[in-house]
2 protein chains.
Amino acid sequence: MSNKNKASITELLRASKLSITDTRVKILELFMNTNGALEHSSFEKLAGQSFDRVTVYRTLQTFLDKGIIHSIPTTDTSIRYALCKSDCSEHDHHDHHVHFKCEECGATTCLEDTDVPEIHLPKGYAMHNVDVVVSGVCNQCR
Amino acid sequence: MSNKNKASITELLRASKLSITDTRVKILELFMNTNGALEHSSFEKLAGQSFDRVTVYRTLQTFLDKGIIHSIPTTDTSIRYALCKSDCSEHDHHDHHVHFKCEECGATTCLEDTDVPEIHLPKGYAMHNVDVVVSGVCNQCR
DNA sequence: AGCGCTTTTGCAACAAAGCTGCATAAGTGT
DNA sequence: ACACTTATGCAGCTTTGTTGCAAAAGCGCT
């Protein structure tokens, strides 16, 4: 982890009006070092026993509320989270990229450059958010 | 539940080479009576204690394997299931419609007539399946 | 209808994921 | 450095999902 990233983590937390704690810094470091989505169990594996399960849940929830991370829908029972791009915030959340889940390595990644196409709903439906999850084989696994 | 539906349930099970049991018939009835996706806890609410939790899990897994139902990704911890259209089967599964989750009533429905638009992945990615989940307010809740 | 064989079911026990309340610890502004 | 607020850790609990095994139900055959 470079000093540059450390500094930007501090900045990010401050911008969200969150106090800077070991847990939050560590979890954000993990997100930045991992190019992809993390589920809860990842944190225990990556960070060991260094902090309590409950703290991880609460930290993730806080980050969600502040728009620092977003959740990715899955067909299994765990919830995956990924860092939001810099132009997301608590009240203005635009997360219009495609999520890709690799069937080989299991990793879920955000394809930032793949736009979600426009979807036309039937009459009477109001659209707030669109999640697209593509499954297949990623460029690393072929 | 009409006799017509009862007959078609029997047919459906037979076509999938599954024996016809009370649990399977009852669960399929619940699917047919509910215009939308069901999560596990729904079955306990709708069917009461009439069968064991484990049986429900195993029945749903069997239906998934046979292509009778499909799972819908969610950002919460439970898995939702919906009936597949008649032209799905174990080996030829085409479930190219949009799923809609209403933020008011919480219901998840399949918008059979809303096609999933084509998505162009970056080079090196192979696409097997696309899931689209739109959240917003449904036509019933406005 | 009855018989044997296979498949399903129900039970018990377990594992993982997630939440809540409360006391302690750490961060923040002055 | 101090008081105040916020975050963490612990204990305990709920929900969700799984596995192994014995009993029960469904199915094909006569």
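Owing to the predicted nature of the structure, the values given are computational and were not obtained by experimental measurement. Quick note on labels: first sequence line is chain A, next is B, and so on, each numbered from 1.
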| field | Of all pairs that satisfy ring-ring contact (aromatic ring centres under 6.0 Å, His included), the ones with a partner from residues 107-142 of chain A, not counting sequence neighbours | value |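 Residue pairs with at least one partner in residues 107-142 of chain A: A:Tyr125-B:Phe100.
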
| task | Taking the six-membered ring for Trp and the single ring otherwise, decide whether the centroids of A:Phe43 and A:Phe31 are under 6.0 Å apart. | result |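 Yes; A:Phe31 has its ring centre under 6.0 Å from that of A:Phe43.
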
Under 4.0 Å between any heavy atoms, over every strand shown, what does [X] touch: base, sugar-phosphate, or nothing? Just pick one.
X	answer
A:Thr23	sugar-phosphate
B:Arg58	base
A:Thr62	nothing

Backbone N/O of [Y] and side chain of [X]: donor-acceptor pair under 3.5 Å:
X	Y	result
A:Thr62	A:Arg58	yes
B:Asp52	B:Val54	yes
B:Thr74	B:Asp76	yes
B:Thr59	B:Thr55	yes

| query | If each of B:Thr77 and A:Phe51 is mapped to the nucleotide of DNA chain D with the nearest heavy atom, which maps nearer the 5' terminus, i.e. the 5' end? | reply | A:Phe51

Kindly point out which of [options] is positioned nearest to the side chain of [X]?
X	options	result
A:Ser19	C:dT9, C:dT28, C:dT8	C:dT28
A:Tyr57	C:dC19, C:dT20, C:dT8	C:dC19
B:Asp52	C:dC11, C:dT8, C:dG18	C:dC11

Rounding to an integer number of Å, can you tell me how far [X] [atom1] sits from [N] [atom2]?
X	N	atom1	atom2	answer
A:Arg53	C:dA17	CZ	P	8 Å
B:Leu28	C:dT8	CG	P	14 Å
A:His40	C:dA16	NE2	C1'	10 Å
A:Asp76	C:dG18	CG	C1'	15 Å
B:Ile20	C:dT8	CD1	P	12 Å

| request: Extract, from 5' to 3' on DNA chain D, the first and final nucleotides lying under 4.0 angstrom from some heavy atom of chain B. | output: D:dT16 to D:dC27

| field | Connected-component partners of B:Ile72 among ILVMFWY, side-chain separation under 4.5 Å | value |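 Direct or chained contacts put B:Ile72 with B:Val133.
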
| Can a side chain N or O of A:Thr21 be found less than 4.0 Å away from OP1 or OP2 on C:dA26? | no

